[in-house]
Structures are given as structure tokens and as C-alpha cells.
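Just so you know, these numbers come straight off a predicted model, no measurement behind them. We count ligands from 1, going down the list as the structure has it; atoms in each ligand are counted the same way.
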Amino acid sequence: MSYTVTLIPGDGIGPEVSEAMRRVVDATGVRIDWDVQEAGEKVIAQYGTPLPDHVLESIRRNRVGIKGPITTPVGKGFRSVNVSIRKALDLYANVRPAKSVPGVASRYEDVDLVVVRENTEGMYVGIEHDVIPGEAAEAVRIITRKASERVVRYAFEYARANGRKQVTAVHKGNILKITDGLFMRTAEAVAAEYPEIAFNDRIVDNLCMQLVQRPHEYDVLVLTNLFGDIVSDLCSGLVGGLGVTPGANMGDGIAVFEPVHGSAPKYTGQNKVNPTATIRSGALMLRFLGEADAAERVERAVAEVIRRGQQVTYDLKPHRDDPTAVGTREMADAIIAAMG
Ligand code: NAD
């Protein structure tokens, strides 16, 4: 039995963390034919676009992909390739678990949160224009009942399947009365279908403060696109940083896995950054493929290497300039060795 998986290495630190993930996943013995596809700035000269059709076709064909981060220019240039992939393939739920890992220094122990972010609309529809160039500009935020309903339903189904007790809908309905009003009314209607799971809501700014002070009061969070993007980075910060948190972009019968972090361009090619977030994304992918044993072996090996605390990257050391920190490749080697 083998699987074909689209692998987009990405750019910046993407190729390094993707390679680490690929080696670890291959070491489980699960046979994967990696259909490697390039996207991002580096392919524009050849294809006239950072996201050529054949990349999307590959994911549509294989039904599963995994990617490294891809750089998006700030304030100019092309639209985010990451956002475009999610939209083009209708990967409507971005699932970002943030769970404490023993051995990772952070403010709290036993944080266990799951962010479910709406992935296809909100502030990320890319409708923006100058009203008076240099003076005033406008962006459009789109919220629909359909997209709200399916992402909230995804959050409840996730809660039910994973023995979670509570779903919190996060919004700014006091200010964005119409758009977040629609999101909240829709969330309340879906919640009524899941009486065994507690449901509550929080205004996003208050939620951020509460997460920092009392993260244990939360369980599954469901948010519109922009709030989900921001809050998921906050949650990564609660469990040791962007180096460790994986992610999954889920559609109906199709999924693309990727770390929460971006391409961290300043570390490109230095064999320095933490591969854990991408390796754990690989474990989520194995689970999606039905290879739960292999996924568990990867997760246990990652946890073991981190618990020992020796062959880990700089961000997992007590001091960031610790000379005993190892590189991306060497941490992957240690994880492979720990799988036995
Ligand atoms: P970033 O996540 O790339 O980096 C922020 C900081 O987090 C880094 O400077 C580093 O200190 C730390 N960090 C990130 N990944 C790490 C790792 N694996 N190990 C250790 N430390 C790590 O965020 P940014 O600087 O805001 O964005 C850089 C680029 O990435 C931008 O072009 C942005 O658009 C893009 N981006 C892409 C994705 C994606 O591909 N899905 C997601 C977020 C950002």
C-alpha cells in the first residue's frame, strides 16, 4: 500500500523543514510517493504566476498535500499563495492544535487548545482598494452563513470526535454588528445541535487577555479568518512558540497540512530553525491517511527528543544562544533515531 502526496517545499526556511519532515515520515515505513511541486516567488519567471495550475491540480488529484511556508510580500506584490491554495481548494477549516509539550519551556503547563479558523473568506478575500491614493484605503470583510456554518460545524464535529468538552465562538460582534452578528447567530444555531458540548462566546480582545491569563478555561476555539490567524499565533506562544505548532487545512475529503509558522526569511539556508511544527504536521497527515500508528510513533519520538532536551534547536533551549543547540537536520536525525 502506498500513498501519493503533494509536497510543496515552499521558500525561506520551507525547504529545510519540509526535508526534515519528509525524512521522518519516510522513516515510519509508510510508503509515500512525494509529488514535489514548487510555488511562490521563485516560479513566477517560469510560469507567470506564483501558484501555477499544475500545483493545484496535483493536490486535487492526490487529495492530500503538505507544504512548507511560502513568503508573501508585505504591502505590495502578489496575493498570498497560502491563502490562494486554501481558497482554490475550498479548504474551509484551518485546524491549529496548541498543546503543551513536556520539556518545552513556557509560561504554563498542560495547555491544550485547538484553534479552528475559517479559511476562505473574512478579511482574507483580498478585496482592497485605494479610495484616495495615499490618503484613504478600503478593505472588504465578507462573512456568509454558509462558510460560518460549515466551520462551526467542523469545530463541533472535531470536539465530538476528539472527546472535547467545550467550543468557544470568538467574534467582535459589538463593533462588527452585521458581519459578526451573522457569524454568531449561525454559531448559536449549530451549537444547539450538539447539546453534549458546552458552547460559549467571547469578544476577541477579551479572549486574548483571558488566554494569556487563564488558558486552561478554553478548549476548542472557532474564529473567523483574521482573528483565527492572530489568535493561533498567540496560542503557539503559550506552548513554546511557532517552532512547535502544526496545522491542517481541511476541506471535504481533501487536506493540506502545514506548520503555523511562516518562512522566517532571515534564517534561510542556515540549518537552524525547529522542524517540529512541520514534522508534527506530517503526523497529522499520517493520521488523515489512516496511518494512526505511524502518526503516534512520530509524535512520541518528537516528544521524547524534546523531553531529553539535548538534540533540539536553539528555540527549545533555555537560552537562545546556547552553543549545544543542534540544527534542523540533526534534530530530525534525533527524532528518526528515537523512533527506533
Ligand atoms: P514567521 O513565522 O516566518 O517568523 C516569525 C518568527 O518566528 C521568526 O523570526 C522566528 O523567530 C520564529 N520562528 C518561525 N518559525 C520558526 C521555526 N520553525 N523555528 C524556530 N523559530 C521559528 O512570521 P513572519 O516573519 O511574520 O513572516 C515571514 C513570511 O512568512 C511572510 O512573508 C509571511 O507572509 C509568510 N507566512 C507564511 C505562512 C504560510 O506559508 N502558511 C504563514 C505565516 C507567514
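A 4.5 Å side-chain heavy-atom check between Tyr194 and Val190 finds at least one atom pair inside the cut-off.
In this structure, Arg86 counts as a contact residue of ligand 1, since one of its heavy atoms falls inside 4.0 Å of the ligand. Distances shorter than 4.0 angstrom do not occur between any heavy atom of Val17 and any atom of ligand 1. Not a single heavy atom of Lys272 sits closer than 4.0 Å to an atom of ligand 1. Heavy atoms of Gly247 come nearer than 4.0 angstrom to ligand 1 in no pair at all.
Taking a cutoff of 4.0 Å between a charged side-chain nitrogen and a carboxylate oxygen, Asp229 and Arg117 qualify as a salt bridge. Comment: Asp205 engages Lys172 in a salt bridge, judged by a side-chain N to carboxylate O separation of less than 4.0 angstrom. The existence of a salt bridge linking Glu57 and Arg60 is confirmed by a sub-4.0 Å separation between a basic side-chain nitrogen and an acidic carboxylate oxygen. A salt bridge links Arg164 with Asp112: the closest approach of a Lys/Arg side-chain nitrogen to an acidic carboxylate oxygen falls below 4.0 angstrom. With respect to Glu149 and Lys146, no salt bridge is recorded, no charged nitrogen being found less than 4.0 Å from a carboxylate O. The existence of a salt bridge linking Arg23 and Glu19 is excluded, since no basic side-chain nitrogen approaches an acidic carboxylate oxygen closer than 4.0 Å.
In this comparison of Lys67, Glu16, Glu41, His261, the heavy atom closest to atom 16 (C) of ligand 1 sits on His261.
Against a heavy-atom cut-off of under 4.0 Å, Thr71 is close to the following atoms of ligand 1: 32 (O). Below 4.0 Å from some heavy atom of Val273 lie the following atoms of ligand 1, by number and element: 17 (C), 18 (N), 19 (N). Taking every non-hydrogen atom of Ile70 and a distance limit under 4.0 Å, the qualifying atoms of ligand 1 come out as 35 (C), 37 (C), 40 (O). The ligand atoms of ligand 1 that sit less than 4.0 angstrom from a heavy atom of Asp315 are 20 (C).
If you check which protein heavy atom lies closest to atom 18 (N) of ligand 1, you get Asn274 O, 2.9 Å. The single protein non-hydrogen atom nearest to atom 21 (N) of ligand 1 is Tyr314 OH, 3.3 Å, given as residue, atom name and distance. Ranking the protein heavy atoms by distance from atom 4 (O) of ligand 1 puts Ala264 CB, 4.1 Å first. What sits closest to atom 41 (N) of ligand 1 on the protein, heavy atoms only, is Glu258 OE1, 3.0 Å. The protein heavy atom nearest to atom 29 (C) of ligand 1 is Ser263 OG, 3.2 Å. Of the protein's heavy atoms, Tyr267 CE1, 3.9 Å lies nearest to atom 11 (O) of ligand 1. In terms of protein heavy-atom proximity, atom 36 (N) of ligand 1 is nearest to Gly262 CA, 3.4 Å. Protein heavy atom nearest atom 9 (O) of ligand 1, with residue, atom name and distance: Lys266 CE, 3.6 Å.
Nearest heavy atoms, Trp34 versus Val25: CZ2-CG1, 3.8 Å.
Under the 4.0 Å distance rule, the nearest protein heavy atom to atom 27 (O) of ligand 1 falls outside the cut-off. Counting only heavy atoms, the protein gets under 4.0 Å from atom 1 (P) of ligand 1.
Aromatic ring pairs are classed by plane angle as parallel below 30°, tilted from 30° to 60° and perpendicular above 60°; the pair Tyr154 and Tyr92 is perpendicular. Between Phe199 and Phe156, the ring planes lie tilted relative to each other; the angle falls in the 30° to 60° range.
Within a 6.0 Å radius of CG in Asp53, no more than 12 heavy atoms belonging to other residues, nucleotides or ligands are found.
The part of Pro265 lying near ligand 1 is the side chain, judged by heavy-atom distances below 4.0 Å. In Asn82, the part holding a heavy atom less than 4.0 Å from any atom of ligand 1 is the side chain.
Glu16 places a side-chain N or O within 3.5 Å of a backbone atom of Asn271 that can act as its donor or acceptor partner. Side chain of Gln210 to backbone of Gln213: no donor-acceptor contact under 3.5 angstrom is found.
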